[in-house]
Structure formats: structure tokens, C-alpha cells
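Worksheet: one structure, shown below.
Only a predicted model underlies this, so the values are computations on that prediction, with no experimental measurement involved. Note: hydrogens, waters and symmetry copies are ignored here, and every other heavy atom, side chains too, is used.
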Amino acid sequence: MDGFSRPILITVYLFLYCRNFSIGSEGLGDCSIDDSCEGNHGKEKYIIKDSWKSYLDKIDQAVAQYEDCLNKKCACYSDVVDDDLRIWKDRGGISKSEFDDTAGHGVHYQVIDHKLCKGVEHFILKMIDKLPDMEMRINVRDYPQIPKWSRPLPVFSFSKTANEHDIMYPAWTFWEGGPAVWPIYPTGLGRWDLMREEIDKKAKEWPWDKKQPKAFFRGSRTSAERDPLVLLSRSHPDLVDAQYTKNQAWKSDADTLHAPPAKEIKLEDHCEYRYLFNFRGVAASFRFKHLFMCKSLVFHVGNEWLEFFYRALKPWVHYIPVETHLNNARDLIEFARANDDVARAITERGYQFIKDHLRMQDVKCYWKQLLKRYAKLVQWKPQQNLSFQEVKP
């Protein structure tokens with residue numbers, strides 16, 4: 001009799017032990033006995049996957065090394081200005097011939113006698129009385145203009161990768177325009193200050209415990225990099241709600257992976273979900289900053305594309321980094337659901353960073369610092385182009 005009872009008792013013990021660690025009321029997946037952990041994230045000893053222990057270690061290390069930046073003098077982002085202008089600082093400045101060769105790469109602006117000639121105008125006009133004479137080329141298209149294999153040229157772009165010389169400026173969408181999404185954003189996102197308030201208000205209606213415990217994405221098929229999440233959503237709808245909407249190139253359901261296009265969802269309505277995925281678009285994503293305001297956990301896919309504020313946000317501190325091919329996406333979502341206290345802590349840090357350090361005054365501060373330091377590198381005195389029209393407030 002003992003020979004039969006022992007394995008039965010062991011089986012029951014293991015079942016109960018695993019059940020205690022189970023992902024709880026959300027009922028996700030099977031218990032793993034890959035490893036045992038008793039760390040900073042909970043008082044009880046529990047069993048976790050090796051990969052989850054690795055994630056916890058990365059979070060502990062990242063948080064221990066992180067030091068919050070100061071708002072004074074754009075301290076959060078001044079290193080971005082340093083890096084983007086360094087090549088011309090090291091060469092003694094920007095020559096007129098270099099600037100002339102930027103023709104065709106963006107809109108030509110001049111600041112002459114504290115007057116702005118040509119349109120990104122809002123922020124420049126706010127500080128026009130404090131700017132010296134200068135001229136610059138501002139690219140308002142999505143894609144950066146000056147690859148590093150070519151001659152360095154001083155062109156301002158709102159986003160880039162490590163493979164371009166472009167000088168990053170805060171995207172015009174902080175004030176107006178951006179990708180038009182019918183019918184919810186027919187003239188683009190625009191007015192970051194108003195969107196912050198609107199999303200923050202909606203976040204209060206959807207506190208963490210009320211949010212749906214699943215990952216969410218809604219957007220067009222700008223890039224096939226998004227496909228794995230949409231397919232994961234179809235096989236595991238309890239885990240992910242990811243669907244494609246129409247874009248300008250949509251012709252049939254084949255353009256949305258053989259499914260009817262989904263309805264567009266306002267950014268503030270993303271707040272209903274605990275986990276929000278951010279993907280690159282043609283270049284950097286315009287929605288990245290908005291997602292944090294929902295007080296939901298942001299999953300940021302890839303790390304190639306940058307806007308001026310990205311580097312100050314740290315993976316594992318403010319968001320969950322996801323590999324571009326999304327091979328680890330499911331594991332990371334399950335990790336977040338199983339480690340709710342850890343997920344909420346990252347969420348709070350991400351929200352607080354954007355709330356404290358990406359205000360409209362921070363955007364203005366960055367513009368001012370960037371233009372003043374750029375102007376010091378300009379080696380010629382610009383002569384007013386009489387064909388330009390003065391831009392007035």
C-alpha cells in the first residue's frame with residue numbers, strides 16, 4: 001500500500017504547490033518548475049520560469065542604476081543635443097556650403113532680426129525674441145534625410161536611427177498635425193498639452209484593477225513587424241487584442257492579414273487595457289508618449305528608432321522592451337500578468353516620467369537649447385531671402 005500512496009501524495013503536493021504560484025485569478029498557463037525564486041518582489045517563495053527570473057533580475061538592475069533626471073535646463077535631454085551637434089562642434093562649426101547642400105531635404109527657415117521666415121512655427125515663435133540670426137533646414141517628412149555613409153549635412157528631423165546624421169527636433173505633432181486617422185483624428189493628433197489632459201482624465205476612469213488584463217494594439221499595417229502580435233491575438237484572444245485598421249494603402253482584407261479591418265480606437269480609449277504595445281511606423285511612432293499617460297504598462301517593440309526624448313526613458317524601468325521579431329512577446333505578457341506588483345511599479349515610473357519631464361515647457365526648453373547651440377555653430381551671417389514671407393503668431 002505504501003508503494004502506491006507515496007507517488008500519489010507527491011503528485012498532490014506538486015499540484016498544490018504549483019497551484020499556489022499559478023497566475024492567480026487571471027488563470028494564465030501552466031505552472032513551471034524551471035526554477036525557484038525568493039526575491040524583492042514578494043515575501044512568499046514561489047516557482048517561476050527561468051526567463052521570468054531573468055526579467056526580474058533585469059528590472060532590479062535597471063532600477064538600481066537609474067537616477068531620475070532634473071527638469072532644470074532640459075537636463076533630461078541635453079545629451080541628445082550634445083550628440084547630434086558633436087560632429088560639427090568637433091569640426092569647428094557648420095559652413096555655408098554645407099548648409100547650401102541641404103537644399104531639397106526640408107523646409108528652409110530663417111530667423112532674421114527676431115523674425116521667423118517660412119512654417120513647426122509655434123515653438124520657434126514662442127522664443128523668437130531670444131534667438132540670434134540663423135537659418136536651418138527642417139525636414140517635416142517622416143523619414144530622416146542624411147545617412148551616415150554620406151557627407152554630414154545639418155538637417156533637422158523629428159526622428160532617426162543611429163545610422164543618420166540628422167539633428168533631432170521635437171516633432172511638429174507636439175502642437176499640430178501628425179498622421180490623420182479617419183474619423184477620429186482627421187487633422188492628426190496634435191496639441192500634446194490637450195491630449196495629455198484628455199488621456200490622464202480617461203486613465204482615472206480606468207484604474208489598474210478595472211483595466212482588462214490583456215495586451216492591446218490597434219493600428220494600420222504600416223510594417224509587417226506588427227503581424228506576429230495580430231496573429232497571437234487570433235490564437236490567444238484571452239491574452240491579446242491586436243487588430244489592424246485601414247490605412248491609405250488598404251485595398252482588401254488581404255492588406256489586414258485576411259480579416260476585415262477593425263474600427264479605429266481613440267488613444268484615450270486604450271486606457272481600458274493594462275498592457276499597451278508600441279511599434280515603429282514608417283519612422284518613430286507618434287503614439288509612444290501618449291500610451292504612458294494611460295497608466296498602463298507600455299511594451300515597446302524594437303529600439304532602432306528614436307525621438308529626442310526616447311533615450312531618457314529606460315527599458316525595464318519605464319517600459320518593457322520587446323524584441324523586434326516578437327519571439328518573446330507572449331512570454332513577456334504572461335510575465336507581466338504573473339508579476340502584477342512589478343508590472344504596476346514599471347507602469348507608475350513610466351507614467352510619472354512622461355508627466356514630469358515631457359511637459360510643454362520641457363519641449364520649449366529643448367527647442368530653445370537646440371537652436372541656441374546650433375546658432376553658435378553657424379559660421380556665416382544669414383542674409384534675408386526677400387522671397388520668404390514672415391511667419392507671424
Side-chain angles (χ1 to χ4, degrees), residues 71 74 76-77 80 106-107 109 116 118-128 131 138-142 156-159 168-206 218-220 222 245 247-248 263-272 276 278-296 298 305-310 312-313 350-371 391-393:
N71 285 326
C74 316
C76 293
Y77 316 116
V80 179
V107 181
Y109 286 86
L116 179 66
K118 273 277 190 195
V120 198
E121 292 106 348
H122 170 78
F123 290 101
I124 301 176
L125 288 170
K126 286 287 185 182
M127 62 194 73
I128 197 72
L131 295 178
I138 299 180
N139 168 34
V140 295
R141 296 186 284 265
D142 285 338
F156 289 69
S157 292
F158 87 87
S159 77
M168 283 190 288
Y169 72 91
W172 65 95
T173 55
F174 278 97
W175 185 250
E176 64 182 0
V181 180
W182 288 272
I184 54 176
Y185 302 116
T187 59
L189 301 178
R191 289 301 297 267
W192 167 235
D193 55 339
L194 299 182
M195 289 294 288
R196 275 171 57 104
E197 292 179 6
E198 188 65 30
I199 298 174
D200 204 21
K201 179 181 176 183
K202 184 65 72 169
K204 290 179 173 64
E205 297 177 18
W206 290 98
R218 201 65 94 246
S220 63
T222 308
T245 59
N247 62 17
Q248 299 91 324
K263 181 182 177 182
E264 290 79 8
I265 302 292
K266 288 186 175 181
L267 284 167
E268 57 265 34
D269 291 333
H270 286 51
C271 298
E272 182 179 341
L276 302 178
N278 181 67
F279 293 89
R280 57 159 287 189
V282 176
S285 167
F286 284 110
R287 80 177 75 194
F288 191 35
K289 57 185 177 290
H290 298 85
L291 299 182
F292 289 97
M293 294 303 298
C294 269
K295 279 196 172 182
S296 298
V298 176
W305 286 92
L306 299 171
E307 289 185 73
F308 81 95
F309 63 92
Y310 281 25
L313 287 162
Y351 166 81
Q352 209 61 50
F353 181 93
I354 296 297
K355 186 175 177 64
D356 292 346
H357 302 310
L358 200 62
R359 305 161 299 170
M360 290 299 265
Q361 56 260 49
D362 300 313
V363 179
K364 293 173 188 175
C365 181
Y366 187 87
W367 262 117
K368 184 177 178 181
Q369 182 182 108
L370 174 63
L371 292 176
V391 178
K392 296 183 179 180

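Note: Phe174 and Trp192 have perpendicular aromatic rings, judged against thresholds of 30 and 60 degrees for the angle between ring planes. Between Phe123 and Trp367, the ring planes are parallel. Angles under 30° get that label, and only those over 60° would be called perpendicular.
A 4.5 Å side-chain heavy-atom check between Phe286 and Leu267 finds every atom pair outside the cut-off. Within the 4.5 Å cutoff, the side chain of Leu370 has no heavy atoms near those of the Val80 side chain. Side-chain contact check for Cys294 versus Leu276: some heavy-atom pair is nearer than 4.5 Å. With contacts defined as side-chain heavy-atom distances shorter than 4.5 Å, the pair Ser296/Leu291 does not qualify. Val298 is not listed as a side-chain neighbour of Ile354, based on a closest heavy-atom distance of 4.5 Å or more.
Checked by atom type and distance alone, the side chain of Ser157 never pairs as donor or acceptor with a backbone atom of Ser159 at under 3.5 Å. Checking side-chain atoms of Arg196 against main-chain N and O of Leu358 turns up a donor-acceptor pair under 3.5 Å. In terms of modelled atom types and a separation under 3.5 Å, the side chain of Thr173 and the main chain of Gly190 share no donor-acceptor contact.
Taking all atoms of both residues into account, the shortest heavy-atom contact from Arg280 to Ala283 is CB-O, 3.5 Å. Scanning both residues, Met293 and Ala203, for their nearest heavy atoms gives O-CB, 3.6 Å. Residue Leu313 comes nearest to Phe353 through the heavy atom pair CD2-CD2, 3.4 Å, listed as atom of the first residue, atom of the second, then distance. Thr222 approaches Asn247 most closely through the heavy-atom pair N-ND2, 4.3 Å.
Salt-bridge formation is detected for the pair Lys202/Glu205: a Lys NZ or Arg NE/NH1/NH2 atom is positioned less than 4.0 Å from an Asp or Glu carboxylate oxygen. Asp200 has a carboxylate O that lies under 4.0 Å from a charged side-chain N of Lys355, or vice versa, which qualifies the two as a salt bridge.
Here Tyr310 and Phe288 bring their ring centres to under 6.0 angstrom of each other.
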### Task
Report the C-alpha separation of His357 and Tyr77 in whole Å, then their side-chain angles, then the decisive distance to 0.1 Å, and conclude whether the side-chain contact (heavy atoms from CB on, under 4.5 Å) test is met.
CA-CA 10 Å; His357 302 310; Tyr77 316 116; 3.7 Å; yes
### Message
Show, in sequence, the C-alpha distance, side-chain angles and deciding distance for Phe308 and Tyr366, and conclude whether the ring-ring contact (aromatic ring centres under 6.0 Å, His included) test is met.
### Response
CA-CA 9 Å; Phe308 81 95; Tyr366 187 87; 4.4 Å; yes
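For residues 186-195, the pairs satisfying salt bridge (charged side-chain N to carboxylate O under 4.0 Å, His left out) are Arg191-Asp193, with sequence neighbours left out.
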